[in-house]
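Before any comments, here is the structure.
Below, chain A is the first sequence line, B the second, and so on; all start at residue 1. These numbers come from a predicted model, not from an experiment.
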There are 2 protein chains.
Amino acid sequence: MVADVRVIEELKAAILRGDFAPRQRLVEIELCEQFDASRFAVRAALQALEADGLVERQRNRGARIREIGIDEAIEITEVRQVVEGLIARRAAERVSDAEAESLAAIGRAMHAAVAAGEGVEYSDLNARLHASLRDIARHEKANGIIAHLHGQMVRHQFALSRVPGRSKVSVVQHQAIIDAVIARDGDAAETAMRAHIASVADALRGIG
Amino acid sequence: MVADVRVIEELKAAILRGDFAPRQRLVEIELCEQFDASRFAVRAALQALEADGLVERQRNRGARIREIGIDEAIEITEVRQVVEGLIARRAAERVSDAEAESLAAIGRAMHAAVAAGEGVEYSDLNARLHASLRDIARHEKANGIIAHLHGQMVRHQFALSRVPGRSKVSVVQHQAIIDAVIARDGDAAETAMRAHIASVADALRGIG
DNA sequence: ACCGACAATATTGTCGACAATACATGGTTC
DNA sequence: GAACCATGTATTGTCGACAATATTGTCGGT
């Protein structure tokens, strides 16, 4: 209950990996076998993941994978827009010289990856950039909310990375964020980040 | 576990009412007696409130009321600043004529309450204004996050309302938000809301 | 063939009992 | 007298069994 972190993490990883389809039922006994755990641990994990927004439960009807539609994904992105804007601002206010250089290096690697057409490499760097900014900002509440929202977005994030030409656009936006942070310009960093995520939201609207 | 909503709500209400001191231990059996519930229901409630950020639990050590220090309260307020900014913007974009008039009425009542020195009445109207904006914005994700953060702020919110002269300042800010929303000016509404909550953050920093 | 009522099955919800753990107490040794 | 270990107690963690509920399948009637 406080409990078996292993089951929680394995189940969460499985969901994020896409092992389960949206709205698929999660029968407790089946999960017990799959993860070799007691029903108790499984229930605790389901409850934890419900709080995470990854599964939904109805009384006496059990748990199922929560389906996150395009509308909800857009709402999530709108919130991310402002919260990551806050993070970017704080990062610009607090970044050290060493951290600034590290960000610049990520920017160079991104340009290289786009030039080489390395899609997965680029999306990896994308994740690293955002994570670095969170580390630099050290804003626990904001970081926690982003982590929470991110878990619900994986499926759509994947769909987005398949949209052709996106990396060409976003690399420019990423560079603007990096430049603003290195220049210690909080206003510019927030603006750049918001513009970046606004274009993500637009891309989502394009899919829907 | 999916469970006994009554216990969850009663316990939550008790915490928000301030029946328990920060860092006070919550012994399961005592709560069973207090709320006339099984240990099972109490555990489920504790787990739910842990997800709410109101209690913290350590393995084999039980639950206690989570203490939210001034630093954390400031972080919460910073996040609120940008998320409520988003809400204000959306409210300005979507407000109907009837809703606009209702907001204007709240504004008039606020001026009256401040003029009459009605402190509790004013803080009531304050809550109603923010709630109305959330209703108008209809942004589920943003509203959910605000609700979540609000629960953790009650104690500090109370402390703030005791700061002399705050209502005189904030009534002007509130009016600016109302005017911007009624004018359907999203940019202005977001700016006004951010300025308002920035002053709340400053007041918190003043306390600490 | 279709619909409703009823029975059978599958699945989840709840409880009580016990195990595991942390904390307090007191006693022993140096 | 202080530090350390052993014992006891309070509290939480886990499990298995059973109850409650939903879902599926079957049958008879129309």
Side-chain angles (χ1 to χ4, degrees), chain A residues 1-68 151-152, chain B residues 1-68 151-152:
Chain A
M1 203 119 163
V2 171
D4 238 313
V5 180
R6 179 185 68 88
V7 182
I8 297 178
E9 294 192 345
E10 285 187 13
L11 180 54
K12 179 168 183 173
I15 294 174
L16 295 183
R17 205 184 312 124
D19 287 2
F20 304 96
R23 304 205 42 87
Q24 178 177 341
R25 285 193 60 190
L26 298 173
V27 178
E28 295 180 358
I29 296 182
E30 292 174 5
L31 297 176
C32 290
E33 293 175 8
Q34 185 168 348
F35 296 105
D36 188 41
S38 72
R39 225 185 112 201
F40 196 81
V42 167
R43 287 176 72 86
L46 288 175
Q47 180 139 352
L49 293 180
E50 183 185 26
D52 258 359
L54 292 177
V55 312
E56 59 186 357
R57 308 176 80 192
Q58 284 182 305
R59 186 185 178 86
N60 290 322
R61 294 225 213 152
R64 53 180 56 210
I65 301 288
R66 208 161 86 79
E67 169 153 46
I68 284 137
Q152 308 181 3
Chain B
M1 203 118 164
V2 172
D4 237 316
V5 181
R6 180 186 67 89
V7 181
I8 296 178
E9 294 193 345
E10 285 187 14
L11 179 54
K12 181 168 182 173
I15 293 175
L16 295 183
R17 204 184 311 124
D19 287 3
F20 303 96
R23 303 206 43 87
Q24 176 178 341
R25 284 193 59 191
L26 298 173
V27 178
E28 295 181 358
I29 297 182
E30 292 174 4
L31 297 176
C32 291
E33 293 176 9
Q34 186 167 347
F35 296 105
D36 188 40
S38 73
R39 223 187 114 201
F40 195 80
V42 166
R43 286 178 72 86
L46 288 174
Q47 182 139 352
L49 293 179
E50 182 184 26
D52 257 359
L54 291 177
V55 313
E56 59 187 356
R57 308 176 80 191
Q58 283 182 306
R59 187 185 178 82
N60 291 322
R61 294 225 213 150
R64 53 181 53 211
I65 302 288
R66 208 162 85 78
E67 170 155 48
I68 284 139
Q152 308 180 4

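Note on S38(A): every side-chain N or O is 4.0 Å or more away from OP1 and OP2 of dT14(D).
Judged by distance alone, with hydrogens and angles left aside, R57(A) brings no side-chain donor or acceptor close enough to the base of dG13(C) to form a pair under 3.5 Å. Residue side chain R61(A) does not reach the base of dG13(C) through any donor-acceptor N/O pair under 3.5 Å, judged by distance alone.
Rounded to a whole Å, the CG atom of N60(B) is 20 Å from the P atom of dT9(D). The separation between R43(B) atom CZ and dC15(D) atom P is 12 Å, rounded to whole Å. The distance from atom CZ of R39(B) to atom P of dC18(C) is 14 Å, rounded to the nearest whole Å. For the pair F40(B) CZ and dC18(C) P, the computed distance is 19 Å after rounding to whole Å. Rounded to whole Å, atom C1' of dT11(D) lies 14 Å from atom CZ of R59(B).
For DNA chain D, the residues of residues 21-34 of chain B within the heavy-atom distance limit of 4.0 Å (strictly under) are R25(B), L26(B), V27(B), E28(B), sorted by number.
A45(A) approaches V7(A) most closely through the heavy-atom pair CB-CG1, 3.9 Å. The two residues R6(B) and F35(B) make their nearest non-hydrogen contact at NH2-O, 3.1 Å. Of all non-hydrogen atoms in I8(B) and A48(B), the two that sit nearest each other are CD1-CB, 4.0 Å.
Atoms CZ and CG, from R39(A) and L31(A) in turn, are 11.0 Å apart once rounded to the nearest 0.5 Å. For the atom pair L49(A) CG and I15(A) CD1, the distance stands at 5.0 Å (nearest 0.5 Å).
In the displayed structure, D36(B) atom CG is contacted under 6.0 Å by at most 12 heavy atoms of other residues, nucleotides or ligands.
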